[in-house]
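Below, all heavy atoms of this structure are taken into account, side chains as well, without hydrogens, waters or symmetry copies.
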Amino acid sequence: MSLIRLTGVSKRYALDANEVAALDDVSLSVEGGERVAIVGASGSGKSTLLHLIGCLDTPTSGDYRLKGRNVSGLDGRGLAHIRNEEIGFVFQSFHLLPRSTALANVMQPLVYRGAPRAERRRLALAALARVGLADRAEHFPAQLSGGQRQRVAIARAVVTQPSILLADEPTGNLDSAATLQVMDLFDTLHSGRQTILIVTHDTDIAARCDRIVGLTDGRVVQDRRA
């Protein structure tokens with residue numbers, strides 16, 4: 001059984017008097033432990049696909065199964081539960097809370113789970129240590145470099161031990177040195193069998209993945225091993 005299975009998934013939006021297909025009859029399976037790059041031009045449907053897989057949105061038609069469970073028709077509360085239990089997100093612009101320390105940011109998903117404070121602190125400190133930032137736990141985002149902020153975001157994404165890590169242009173705001181640090185961290189996570197899907201324009205990043213899925217106009221036009 002695939003960890004992720006999309007069958008005939010389409011996503012349409014109303015634009016003025018017209019209907020736009022962001023995804024058009026997409027079928028895709030991802031096994032546990034894979035690292036998949038999702039590539040394509042702007043407007044090709046990459047982020048829409050990632051949002052559907054991450055339960056941030058639902059398909060207009062088609063079937064999406066996560067661990068064999070059909071999540072296509074879940075309501076907002078059901079989707080939020082799946083996100084909190086199964087999925088970690090890393091975004092290009094970090095999405096850290098500016099007035100919270102690195103530690104508090106990483107603890108946030110555990111707050112949503114209702115974990116006791118002592119457990120939240122222990123797990124968040126362990127996640128920061130995992131990304132090499134144990135000594136920055138009490139720093140605020142403005143006191144950190146871009147690469148450090150992204151590593152805090154990765155720690156926050158993995159602190160709940162999600163089944164899937166979704167990264168949307170995770171190195172888009174980083175310089176070359178920070179990009180290498182972040183990708184080395186993804187290598188380490190992947191070696192531990194973390195399933196990772198990365199939306200990227202960077203061919204070097206895509207080449208570091210096991211598999212490259214290419215989209216054009218909302219359709220899968222490429223699916224090959226890197």
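In this structure, CG on L23 lies 8.5 Å from CG on L6, to the nearest 0.5 angstrom. To the nearest 0.5 Å, atom CG of residue L52 and atom NZ of residue K11 are 6.5 Å apart. Expressed to the nearest 0.5 Å, how far CD of E86 lies from CZ of R69 amounts to 9.0 Å. Between the CG atom of D204 and the OG1 atom of T179 there is a distance of 10.0 Å, given to the nearest 0.5 Å.
Between V111 and Q108, the closest side-chain pair of non-hydrogen atoms falls below 4.5 Å. Under the 4.5 Å side-chain criterion, counting only non-hydrogen atoms from C-beta, D168 is not in contact with V90. In this structure the side chain of D57 never reaches within 4.5 angstrom of the side chain of T48, judged on heavy atoms. Residues R35 and F186 form a side-chain contact, since some pair of their non-hydrogen atoms from C-beta on lies under 4.5 Å apart. Put simply, the side chain of V30 does not reach to within 4.5 Å of the side chain of L3, judged on heavy atoms. Inter-residue side-chain proximity for T60 and V9 is flagged as unmet; no heavy-atom pair is nearer than 4.5 Å. Considering only heavy atoms from C-beta on, L197 stays 4.5 Å or farther from L49 through its side chain.
Annotation for A37 and T200: closest pair CB-CG2, 4.4 Å, computed over non-hydrogen atoms. Summarising the geometry of L166 relative to L50, their closest heavy-atom pair is CD1-O, 3.7 Å, with the distance given to 0.1 Å. Here the closest heavy-atom approach between residue G33 and residue T195 is recorded as N-OG1, 2.7 Å. The two residues P170 and A167 come nearest to each other via the heavy atoms CG-CB, 3.7 Å. Considering every non-hydrogen atom in both A178 and L174, the closest pair reads CB-CB, 3.9 Å. Of all heavy-atom pairs between T160 and P109, the closest is CG2-CB, 3.7 Å.
Sorted by first and then second residue, the ring pair (Phe, Tyr, Trp, His ring centres under 6.0 Å) pairs involving residues 91-122 (not counting sequence neighbours) are F89-F91, F91-H95.
Transitive grouping of hydrophobic side chains (ILVMFWY, heavy atoms separated by less than 4.5 Å) brings V26 and L66 into a common cluster. Clustering ILVMFWY residues whenever any of their side-chain heavy atoms sit less than 4.5 angstrom apart, transitively, puts V158 in a cluster other than the one holding I4. Taking hydrophobic clusters as Ile, Leu, Val, Met, Phe, Trp and Tyr residues chained together by side-chain heavy-atom distances below 4.5 Å, L185 does not share a cluster with I164. Under the 4.5 Å side-chain contact rule for hydrophobic residues, I196 and V152 share a cluster. Cluster membership for I38 and I205, using ILVMFWY side-chain heavy atoms within less than 4.5 angstrom, is not shared.
N173 contributes a side-chain N or O that, together with a main-chain N or O of Q92, makes up a donor-acceptor pair within less than 3.5 Å. In terms of modelled atom types and a separation under 3.5 Å, the side chain of Q194 and the main chain of P162 share a donor-acceptor contact. Listed for the E169 side chain is a donor-acceptor partner under 3.5 Å among the backbone atoms of H201. Side chain of N105 to backbone of S100: a donor-acceptor contact under 3.5 angstrom is found. Checked by atom type and distance alone, the side chain of R65 never pairs as donor or acceptor with a backbone atom of S72 at under 3.5 Å. Judged by distance alone, with hydrogens and angles left aside, the side-chain atoms of K46 form no donor-acceptor pair with the main-chain N or O of V199 at under 3.5 Å. Of the possible polar contacts, none joining the S2 side chain to the R5 backbone as a donor-acceptor pair under 3.5 Å is found.
Scored by the side-chain contact (heavy atoms from CB on, under 4.5 Å) test, C55 finds Y64, V71, L79, I82, R83, I87 as partners (sequence neighbours excluded). E31 meets the salt bridge (Lys or Arg N to Asp or Glu O under 4.0 Å) test with no other residue; sequence neighbours excluded.
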*Is there a salt bridge (charged side-chain N to carboxylate O under 4.0 Å, His left out) between D202 and R208 once you walk through the steps?*
CA-CA 10 Å; D202 192 320; R208 293 177 69 151; over 6 Å; no

*For the pair S10 and D25, evaluate side chain to side chain donor-acceptor pair (under 3.5 Å) and give the outcome as yes or no after the intermediate values.*
CA-CA 5 Å; S10 295; D25 194 28; 5.4 Å; no

*Trace of the side chain to side chain contact (heavy atoms under 4.5 Å, CB included) decision for I198 with C209*: CA-CA 9 Å; I198 303 176; C209 296; 4.2 Å; yes

*Kindly determine whether R113 and R120 satisfy side chain to side chain contact (heavy atoms under 4.5 Å, CB included), including the steps that lead there.*
CA-CA 10 Å; R113 280 196 177 183; R120 297 199 304 261; over 6 Å; no

_Verdict with supporting geometry, R12 and V20, side chain to side chain contact (heavy atoms under 4.5 Å, CB included)_ = CA-CA 5 Å; R12 296 181 176 86; V20 176; over 6 Å; no

_Worked check of side chain to side chain contact (heavy atoms under 4.5 Å, CB included) between T58 and L74_ = CA-CA 8 Å; T58 54; L74 291 177; over 6 Å; no

Atom pairs and distances, donor-acceptor, side-chain atoms in residues 121-145, under 3.5 Å, two or more places apart:
from : atom 1 : to   : atom 2 : distance (Å)
Q143 : OE1    : F140 : N      : 2.8
S145 : OG     : Q148 : N      : 3.2
S145 : OG     : Q148 : OE1    : 3.4

Return all side-chain donor-acceptor pairs below 3.5 angstrom for residues 213-226, not counting sequence neighbours, or 'none' if the list is empty.
from : atom 1 : to   : atom 2 : distance (Å)
R219 : NE     : D24  : OD2    : 3.2
R219 : NH2    : D24  : OD2    : 3.2
D223 : OD1    : R211 : NE     : 2.8
D223 : OD2    : R211 : NH2    : 2.9
R225 : NH1    : E34  : OE2    : 3.0
R225 : NH2    : E34  : OE2    : 3.3

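Grouping Ile, Leu, Val, Met, Phe, Trp and Tyr by side-chain contacts under 4.5 Å, direct or through others, leaves L97 on its own.
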